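It should be emphasised that the depicted structure is a prediction, and the values quoted were computed from it without experimental measurement.
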Amino acid sequence: MSKRRPYVRPMAGWWRKNPFFVEYMIHEGTALFVAAYALILLTGLVYLSRGEAAWNVWLEGLKNPWYIAFHWLTLAAMCYHTYTWFKIMPRTMPPVVVGGKRLPDFAITGSGLAVAATASLAMLGLVWGMAR
Amino acid sequence: MKRTLKRSNAPIFWALFGAGGMLSALLGPILVFITGLAVPLAMLLPADTMSYANMLAFAQNIIGKGFIFAIISLFLWHAAHRIFHSLHDIGIHAGIVAKLICYGGAMVATLITAYTLLAIGF
Amino acid sequence: MSENQRIIEIEVLRYNPETDKEPSKQVFEVPFTDDMSVLQGVQYIKDYLDGSLSFRWSCRMAICGSCGMMINGEPSLSCETFLRDYYPARVRVEALAHFPIEKDLVINMEGFIEKLESIQPYIIPKEERTLAQGEYLQTPAQLASYEQFSSCINCMLCYAACPQFGLNSEFIGPAAMALLHRYNIDSRDGGKGERMELVNSEEGVFNCTAVGYCSEVCPKHVDPANAVNQNKTNSAADYFMRFLTPKGGAK
């Protein structure tokens, strides 16, 4: 009879055992803020559909210090999501070859962040232009 | 000997996750800044930026409707996919139940968004 | 031994299937010199302190892929990891994570070998050629497109770095996917259709959550994460395109 008895180690708490995994869990965790923000917007949309008085209640609610604090936190989480999204990008896309040479990782990440910055400024400008 | 392989239906959720991830990476921070900070704190932008008249006009415009729909629904599909995988990561292998809660939630929110946008009219 | 010999503590996760219910730690005091690898430290234990310690090794020069271990929790080739970098602290050595332990530092790699076989890791010619027709030619650019992915030495460090494999051992995993990708993008190969079935399956690429640690630990800089994630795009295209093309896509 075989004396083999392979031992399978438990996985509990694996993500706490390596700094790389801790960072992974943090950037995955930004999803909670993305979800919360989308739900805040959805609530606003529903209030908007109920007329001016309802909308103003929602808009006034955003001035609550707790909401302000939460939005600062969400802003930080969103920025971290943006950074990590483009940081992983070189690993998730096909190689980009420019002039016979493979584009280095930092160029791909950098381009992504530059596009995000440009899109953000354009968005802000558009909103500013429409509101005036 | 070849195992029988079942095709995964993950591409649907993965594609929505990717679209929402890209959209929130590009516009998430600035949107949070505008709606959550600049307007309530009256910084940088005109005071009536998100007035009822402005927002109603935006939500009645076809492009505005599309934008609102894409932002809310894709953000939620992105988050749902990550949260579903994170539950698995931390040892909650709830399978079908977790799937129903995460993706079902995103689906319900998507339908509410669509319904509300239609109710607001054109 | 030279004058600058010092003593380092090596903590080894031991497991004897005949006597132990579960693995336990054992600490050895090992004299070492600056040029000694962790593998040499473990060999010292076997030669002078405890002959029952089991581990795999062969080439001692980071090419055979046999001596992978968790060293202070990181998947590493023990032959190219040096004791001096840990001294004066204790260095912890454990069998590669996520694999079943057979004994001490020896893991069961049967599942990995099956996965390697399942991806058909050989060229399935696009067009049959007779010997008289000569070899299958390839340009340097065509070689460059897959060369990186062909450097795998099957050391399994990427599997020990992949929590998704740890959580679901059915997942085809990083190294096998990198090799699969290597053949799929080879200009001489025509087997992509057959291999995509595995990529698309429930054991396939969508188990990956883009942690990316597999590519960090690869001693040969293969970037398996890139192979897996490029195939998510391929698989998604295959998934949606089959509705558009009458015969397109794998089953």
Greatest number of heavy atom pairs closer than 4.5 Å to chain A - which of B:Thr49, B:Ile72, B:Leu56: B:Ile72
Heavy-atom side-chain contact between A:Leu62 and B:Val39 under 4.5 Å: no
Members of residues 96-115 of chain A whose heavy atoms come closer than 4.5 Å to chain B: A:Val115
A:Ala31 versus B:Ile83, closest heavy-atom pair with distance: CB-CG1, 4.2 Å
Crowding at CE, A:Met123 (>12 non-hydrogen neighbours, <6.0 Å): yes
Atom pair OG1 (A:Thr30) and NE2 (B:His78), whose distance is rounded to the nearest 0.5 Å: 5.5 Å
Which atoms of A:Thr92 approach chain B - backbone, side chain, both or neither, heavy atom under 4.5 Å: neither
Nearest atoms (heavy-atom pairs only) where B:Ala59 meets A:Leu48: CB-CD2, 3.7 Å
Between B:Leu44, B:Leu41, B:Ile71, the one whose heavy-atom pairs under 4.5 Å with chain A are most numerous: B:Leu41
Among the listed options A:Gly44, A:Gly29, A:Gly51, the residue most often paired with chain B at heavy-atom distances under 4.5 Å: A:Gly51
Atom group of B:Ile120 that falls short of 4.5 Å from chain A, counting heavy atoms: side chain
Distance in Å, A:Leu41 CG paired with B:Leu76 CG, rounded so as to fall on 0.5 Å steps: 9.0 Å
Minimum side-chain heavy-atom gap A:Met78-B:Phe33 below 4.5 Å: no
Residues A:Tyr37 and B:Thr35: side-chain donor-acceptor under 3.5 angstrom: yes
Residues, nucleotides or ligands: over 12 heavy atoms within 6.0 Å of A:Trp128 CH2: no
Neighbours of chain A found in residues 15-22 of chain B - heavy atoms under 4.5 Å: B:Phe17, B:Gly18, B:Gly21, B:Met22
CG on B:Leu37 to CG on A:Leu75, rounded to 0.5 Å: 6.0 Å
Residue list, salt bridge (charged side-chain N to carboxylate O under 4.0 Å, His left out) with A:Arg4, at least two apart or on another chain: C:Glu102, C:Glu110
Among B:Thr116, B:Thr113, B:Asp89, residue most engaged with chain A (heavy-atom pairs, under 4.5 Å): B:Asp89
Option among B:Ile68, B:Ile112, B:Thr110 that satisfies the side chain to side chain contact (heavy atoms under 4.5 Å, CB included) test with A:Leu42: B:Ile112
Approximate separation, where rounding is to 0.5 Å, of B:Ile30 CD1 and A:Leu126 CG: 11.5 Å
Nearest-0.5 Å distance, OH of residue B:Tyr52 to OH of residue A:Tyr47: 14.5 Å
Residue A:Leu59 versus chain B: region with a heavy atom under 4.5 Å: side chain
Chain B interface, residue from A:Trp72, A:Tyr83, A:Phe86, A:Phe33 that has the most non-hydrogen pairs under 4.5 Å: A:Trp72
Among the listed options A:Lys63, A:Glu28, A:Arg50, the residue most often paired with chain B at heavy-atom distances under 4.5 Å: A:Glu28
Heavy-atom proximity to chain A below 4.5 Å, by part of B:Leu74: neither
Option in B:Gly91, B:Ser86, B:Ser24 with maximal non-hydrogen atom pairs under 4.5 Å from chain A: B:Ser24
Close side-chain approach of B:Ser51 to A:Trp55, heavy-atom, < 4.5 Å: no
Residue B:Ala119 versus chain A: region with a heavy atom under 4.5 Å: neither
Proximal component of B:Asp48, with respect to chain A [non-hydrogen, under 4.5 Å]: side chain
For the student: nearest non-hydrogen atoms of B:Ile34 and A:Val127, plus distance: CD1-CG2, 3.9 Å
Spacing of OG1 belonging to A:Thr82 relative to CG belonging to B:Leu27, to within rounding of 0.5 Å: 9.0 Å
Positions in residues 9-24 of chain A that reach chain B, provided some heavy atom is under 4.5 Å away: A:Trp14, A:Trp15, A:Tyr24
Top of B:Ala47, B:Pro29, B:Ala79, B:Ala42 for chain A proximity - count of heavy-atom pairs under 4.5 angstrom: B:Pro29
Within 6.0 angstrom of B:Phe67 CZ, more than 12 heavy atoms from elsewhere: yes
Close side-chain approach of B:Arg82 and A:His27, heavy atoms under 4.5 Å: yes
